[in-house]
Engineer: 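Next up is a structure, given as structure tokens.
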Amino acid sequence: MPGNRLSNMRQSIIDGAPETACSLAQEAVAAGMAPLEAINDGYVLGMRDVGEQFARGQMFLPDMMASAEAMRAAMSVLEPELRKQGAERPTAGVVVLGTTKGDIHEIGKILVGTLLTAHGFEVHDLGVDVAGEKFAAKAREVSADIVGVSALLTTTMRNQKKVVEALEKEGLRSSVKIMVGGAPVTRRWAEEIGADGFAKDAMSAVGLAQELMQKKLAAVPTQT
Ligand code: B1M
């Protein structure tokens, strides 16, 4: 039965069917399925299929938008469940998160933010199409430990470098760690632009954020 449920979830994204995606998520929560299993082994696989069909010219932009809508509908049910897991923990660190300038893809970034919150991080999500200066201003405002920048297009991943530069210009680079991610982003790219780390998916992003926090705390001189 869980196998069927997962494949129905996947299909609801391919079909661009928000109502089905939403009711499958509700059923899964009621049946005690882990929200992350539904996301990773059901809905995200549908999104991957959609991307592949789009790349082959078998699917068009309105279909892709309908699929994104279905994904958001499922996430509206699953996200609060994930957040509950982090609600009662002490803050693991302060993260400013956003999708880079020129880019409106947000599903992966939302997933990263949700999992960070579920693991005790205080997340300030700036949304999509965010300029480097805005990341830097928010980082200063909330005394961020980490700035996380998502990019889904090969053209907009270049703007991740602008975020690094904006933090340098603001004099924040030594106090703020930078992590980058998104489908076209690689470890090598992260190194090239001077970021502190790269994560390939949302769960790895949590591990990376924890690692960066440890490095940051280890660098703070202890008081005698
Ligand atoms: Co767009 N799109 N899209 N799209 N879209 C891609 C990215 C594409 C690969 C599709 C394709 O051709 N196969 C392609 C990019 C090609 C390229 O540059 N190499 C593409 C294109 C071309 C475009 C447009 C240019 C299309 C057009 O207008 N002709 C346009 C660009 C608009 C813009 O941004 N300026 C466009 C528009 C759209 C929609 C609006 C229709 C919609 C987005 C809706 C929304 O987000 N609200 C959309 C969608 C849905 C996709 C695909 C199908 C799915 C993206 C997604 O949500 N995946 C995508 C194809 C694909 O990726 N397979 C595609 C699910 C999500 C959970 O995964 O986002 O990868 P992902 O996030 C992962 C990891 O990457 C990682 O963790 C997440 C969870 O595991 N991660 C991080 C992400 N951010 C991270 C940050 C971190 C760490 C990890 O640290 C900070």
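These numbers come from a predicted model, not from an experiment. Every number for a ligand or one of its atoms is a count from 1 in the order of the listing.
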Engineer: Right, does atom 24 (C) of ligand 1 have protein non-hydrogen atoms nearer than 4.0 Å?
Structural biologist: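 When distances to the protein are checked, atom 24 (C) of ligand 1 has no heavy atom within 4.0 Å.
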Engineer: Does only the side chain of Leu152 get under 4.0 Å from ligand 1, or the backbone, or both, or neither? Count heavy atoms.
Structural biologist: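 For Leu152, the contact with ligand 1 is made by both the backbone and the side chain.
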Engineer: Determine whether any heavy atom of Pro184 lies closer than 4.0 Å to an atom of ligand 1.
Structural biologist: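 No.
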Engineer: Check for me whether Lys200 has a heavy atom closer than 4.0 Å to any atom of ligand 1.
Structural biologist: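 Heavy atoms of Lys200 do come under 4.0 Å of ligand 1.
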Engineer: What do you think, any protein heavy atom under 4.0 angstrom from atom 37 (C) of ligand 1?
Structural biologist: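 Given the 4.0 Å cut-off, atom 37 (C) of ligand 1 counts as touching protein heavy atoms.
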Engineer: Which atoms from ligand 1 have a heavy atom of Ala199 less than 4.0 Å away?
Structural biologist: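 Answer, ordered by atom number: 88 (C), 89 (C).
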Engineer: Using a strict cut-off of 4.0 Å, indicate which atoms of ligand 1 neighbour a heavy atom of Met179.
Structural biologist: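 Reading through ligand 1 atom by atom, the close ones are 90 (O), 91 (C).
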Engineer: List every atom of ligand 1 that sits less than 4.0 Å from any heavy atom of Asp201, numbering the atoms from 1 in the order shown and giving each element.
Structural biologist: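 Contacts of ligand 1 toward Asp201, numbered from 1: 76 (C), 77 (O), 80 (O).
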Engineer: Near Gly51, which atoms of ligand 1 are under 4.0 Å from a heavy atom of that residue?
Structural biologist: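 Once the distances to Gly51 are compared, the set is 11 (C), 13 (N), 53 (C), 60 (C), 63 (N).
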Engineer: Quick one: does Gly182 get a heavy atom under 4.0 Å from ligand 1?
Structural biologist: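 Per 4.0 Å heavy-atom rule, Gly182 contacts ligand 1.
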Engineer: Going by the atom numbers of ligand 1, which of them fall below 4.0 Å from some non-hydrogen atom of Gly148?
Structural biologist: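 Listed by number with element: 91 (C).
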Engineer: Within a distance under 4.0 Å of any heavy atom of Asp103, pick out the atoms of ligand 1 and give their elements.
Structural biologist: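 Every atom of ligand 1 under 4.0 Å from some heavy atom of Asp103: 34 (O).
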Engineer: Would you kindly say whether Ser204 and Asp201 are connected by a side-chain donor-acceptor distance under 3.5 Å?
Structural biologist: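 There is such a pair (donor and acceptor under 3.5 Å, judged by atom type) between the side chains of Ser204 and Asp201.
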Engineer: Is atom 59 (C) of ligand 1 less than 4.0 angstrom from at least one protein heavy atom?
Structural biologist: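 Under 4.0 Å from atom 59 (C) of ligand 1, zero protein heavy atoms found.
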Engineer: Heavy atoms only: which of His105, Gln53, Met157 lies closest to atom 49 (C) of ligand 1?
Structural biologist: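 The option holding the nearest heavy atom is His105.
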Engineer: Of the choices Met64, Met71, Arg56, Lys101, which has the non-hydrogen atom that lies closest to atom 53 (C) of ligand 1?
Structural biologist: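 Going through Met64, Met71, Arg56, Lys101 one by one, Met64 has the nearest heavy atom to atom 53 (C) of ligand 1.
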